[in-house]
Structures are given as C-alpha cells and as structure tokens.
Amino acid sequence: MIAQNLQDKTTLHNGIKMPWFGLGVFKVEEGPELVQAVKTAIKHGYRSVDTAAIYGNEEGVGQGIREGIAEAGISREDLFVTSKVWNADLGYESTMAAYEASLNKLGLEYLDLYLIHWPVEGKYKDAWRALETLYKEGRVKAIGVSNFQIHHLEDLMKDAEIKPMVNQVEYHPRLTQKELQSFCQEHGIQLEAWSPLMQGQLLDNQVLKDIANKYDKSVAQIILRWDLQNGVVTIPKSTKEHRIVENAMVFDFELTKEDMERIHDLNQHYRVGPDPDNFDF
Ligand SMILES: NC(=O)c1ccc[n+]([C@@H]2O[C@H](COP(=O)([O-])OP(=O)(O)OC[C@H]3O[C@@H](n4cnc5c(N)ncnc54)[C@H](OP(=O)(O)O)[C@@H]3O)[C@@H](O)[C@H]2O)c1
C-alpha cells in the first residue's frame, strides 16, 4: 500500500508502526536553526525525526520535539524518534551505555527505533545483543541496522534472536539497491532511504526535471514520491520551512509505471556516502 498522507505508517515485522516519511537532521548543528527545523516539521504534520549520536545534535532535536509537540497539541507517543549507536560504542556494555546517553540528551524515556549506524566487522553482533536486550526489556519500540549489505544481514541473522526491523541505507535514483531491497522484503525488514535527494546533487538531472514538469512537481518531490511508491521509508533533510513543506507534498499525485522505470534507469550504483564494504571509521 502506497502511503496516502504524511502520517501514514508502515507496519514493522514486530507490529510497531513507523511513518513512511520523516525529517533527517544530519549536519545540522546544535542551535536555534535545528530546534526550529524540528518544530517546523512537526507543525506541518511530520511525525518522524531521524538523528544519531554522531550528529552531535540530540539535545536540540529533543528540545525541538518538546516544543514542537506542545505547540501542535500532540503527545510524545504521536512521534516516531530514531537514533543510532556510533561505531566507537559498538559492544554489549558500551551500546547499552550509548542508548542511555542518547535518551538523556534527547530528554526522552524511550526511542521508537534504535539502529546500529555502521556494520563494523567483529563488533556489530555484540551491539545487536544489546539492542535485543533493550527491546526485550521494553525500553525501545523497534531495533534495526543501517548501512548493512546483504552479507552483513545474513551474518547478523545467523546469531540473532530478533531480526532487524529496519535497514536504513543510502538510496536514491543513482543507487537503487534492488537486490538489497528484495532481500529485505523477503525477510520482513523495512528499507529506509538516507540521502534520498543525494544531498541535493540530483536536482539538476534532466530526466528528473522532465518528469517533474510533466507532473507540475519539483524534482525533490518526484524523487520522494518514487521512494514511497517503491515501499521505501524516506527522511529528507531540510532546515528551510518552504522545503520542509514542499518535500511533504507528495501525496496528491502518482508516478506511472513507465516513469518509475525511467527513474530506476538512472541507477549507476553511485554513492555520495561511504561504501559499507570499505570504510575506515
Ligand atoms: N544512516 C546513515 O549512515 C545516514 C547517512 C546520511 C544521512 N542519514 C539520514 O538521512 C537524512 C537525509 O539525508 P541527507 O541529509 O544526507 O541528504 P538529503 O536529504 O538527500 O539532502 C539534503 C540536502 O538537500 C537540500 N534540500 C532538501 N530539500 C530540498 C528541496 N526540496 N529542494 C532543494 N534542496 C533541498 C538540503 O538543503 P536545506 O537544508 O538547505 O534545505 C540539504 O542540503 C539525514 O539528515 C540523516 O538523518 C543517515
């Protein structure tokens, strides 16, 4: 089912519901711009925010959430908040401690989703056990991974008691990840797109511009709609109110099968971010 509105949710394999659409806050530093962006998103109907310990902005995200929900007259339970354990904290005890630290900074009692940020060899299984403990203790609603390739998922699932509910990966028209998406579908793992707009670098693409003109939409809206029609959760980042609004206006049109394919054909297996099989951090 394609999302019908900004608050529509996908059901994860444990029954928890996650919004199809959310706000990313990578590279947004602590300060008024960050707090304002989170509040603005909530004001305009966003119900999901994606941060990470390494972004160094969990305090401002927490403040934006508190102020945003108060102004919108909604409660914490209406929001879906994601954070991620950083590589230096991968390990059983260190991941448990990192979760506490993230909660404290965010000023929250629980997270909706906690992810292993990168598949550091030899470390992610101990971290996963910690996430399983947090989940079984009811301290987090859902657990998952990020930047996991098929072989990382296979390796993790060999020993895991609980399958990841989400895999958040780089995903955009230049990196369409078809095999990974099929694998995740087979295993009930929800795929989530990071850098869906390729960090702004796709906005001048002529094919996308032609499609945008046809639907009287922006290139960003075409890409984000393509995510949703592919069954991929998406979390575009913007700190500008007009773009926060624009990005979410993707529920009033539908891309044809042909246009979906034209966008898929832009795939070049090209990454703007690090390669999960070859990173050194
Ligand atoms: N798990 C991971 O390893 C990982 C890695 C990277 C990112 N992420 C997550 O994914 C989120 C999104 O990815 P991202 O921040 O890397 O990149 P992105 O969402 O693909 O692109 C963000 C860039 O596009 C601009 N932009 C946004 N909407 C626009 C629009 N409608 N028209 C023109 N420009 C627009 C933004 O600028 P303005 O702010 O100036 O509007 C910003 O420069 C992150 O914020 C983070 O939460 C996760």
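Computed from a predicted structure; not experimentally measured. Numbering of ligands and ligand atoms starts at 1, following listing order.
Regarding atom 45 (O) of ligand 1, its nearest protein heavy-atom neighbour is F26 N, 2.8 Å. Among all non-hydrogen protein atoms, the one lying nearest atom 5 (C) of ligand 1 is W194 CD2, 3.1 Å. For atom 37 (O) of ligand 1, the closest non-hydrogen atom of the protein is R243 NH1, 3.4 Å. In this structure, the protein non-hydrogen atom closest to atom 11 (C) of ligand 1 is I235 O, 3.3 Å. K237 NZ, 2.7 Å is the protein heavy atom nearest to atom 39 (O) of ligand 1. Considering only non-hydrogen protein atoms, atom 16 (O) of ligand 1 sits nearest to S195 OG, 2.7 Å. Distance from atom 23 (C) of ligand 1 to its nearest protein heavy atom, with residue and atom name: Q199 C, 3.9 Å. When hydrogens are left out, the protein atom nearest atom 40 (O) of ligand 1 is K240 NZ, 2.5 Å; that is the closest non-hydrogen contact.
Residue contacts with ligand 1 do not include G273, since none of its heavy atoms lies under 4.0 Å from the ligand. At least one heavy atom of P236 sits under 4.0 Å from some atom of ligand 1. Within the 4.0 Å heavy-atom shell around ligand 1 one finds K84.
Residues W20 and Q190 meet the side-chain proximity criterion, which asks for heavy atoms closer than 4.5 Å. Proximity of K17 to L12: side-chain heavy atoms (C-beta onward) are nowhere separated by under 4.5 Å.
Classified by interplanar angle (parallel below 30°, tilted 30° to 60°, perpendicular above 60°), the ring pair H152/Y124 is perpendicular. Using bins of under 30°, 30° to 60° and over 60° for the plane-to-plane angle, the ring pair F281/W86 lands in the parallel bin.
By the 6.0 Å and 45° rule, R76 stacks over the aromatic ring of Y110. Both the sub-6.0 Å distance and the 45° axial angle are satisfied by R225 relative to the ring of F253.
With ligand atoms numbered from 1 in the order given, ligand 1 contributes 1 (N), 2 (C), 3 (O) to contacts under 4.0 Å with heavy atoms of H117. Of all atoms in ligand 1, numbered sequentially from 1 with element shown, those under 4.0 Å from a heavy atom of E246 are 31 (N). Residue A220 approaches ligand 1 through these ligand atoms, each under 4.0 Å from one of its heavy atoms: 30 (C), 31 (N). Of all the atoms in ligand 1, the ones that sit under 4.0 Å from a non-hydrogen atom of V25 are 45 (O), 47 (O). Atoms of ligand 1 lying under 4.0 Å from at least one heavy atom of G24, given by number and element, are 11 (C), 44 (C), 45 (O), 47 (O). Of all atoms in ligand 1, listed by their number and element, those nearer than 4.0 Å to a heavy atom of S238 are 27 (C), 38 (P), 39 (O), 41 (O). Close approach to D50 involves these atoms of ligand 1, each under 4.0 Å from a residue heavy atom: 9 (C), 46 (C), 47 (O). Atoms of ligand 1 found under 4.0 Å from any heavy atom of N147, numbered from 1 in the order shown, are 1 (N), 2 (C), 3 (O).
Across all non-hydrogen atoms, the minimal contact from L175 to N267 is CA-OD1, 3.3 Å. Between V49 and V38 the shortest heavy-atom distance is CG2-CG1, 4.3 Å. Between G144 and L113 the shortest heavy-atom distance is N-CD1, 4.1 Å.
Atom CD of E137 has more than 12 heavy atoms from other residues, nucleotides or ligands within 6.0 Å. Around atom CD of Q206, more than 12 heavy atoms belonging to other residues, nucleotides or ligands sit under 6.0 Å away.
Here S146 has side-chain heavy atoms under 4.0 Å from ligand 1, and that is the only part of it that gets that close. Counting heavy atoms under 4.0 Å from ligand 1, residue V219 does not touch it at all. Counting heavy atoms closer than 4.0 Å to ligand 1, residue N247 contributes side-chain atoms (C-beta onward) but none from N, CA, C or O. Contact annotation for A52 and ligand 1: no heavy atom of the residue comes within less than 4.0 Å of the ligand.
A distance below 6.0 Å separates the ring centres of F279 and W118.
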From CA spacing to verdict: side chain to side chain donor-acceptor pair (under 3.5 Å), Q63, E67: CA-CA 6 Å; Q63 187 185 337; E67 294 178 12; 2.9 Å; yes

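Salt bridge absent: K240 and E246 never bring a charged side-chain N and a carboxylate O closer than 4.0 Å.
Rounding to the nearest 0.5 angstrom, the gap separating the CH2 atom in W226 from the NE2 atom in H172 is 9.0 Å.
Here's the thing with L203: none of its N/O atoms is less than 3.5 angstrom from an N/O atom of ligand 1. Checking only distances, L197 does come within under 3.5 Å of ligand 1, N or O to N or O.
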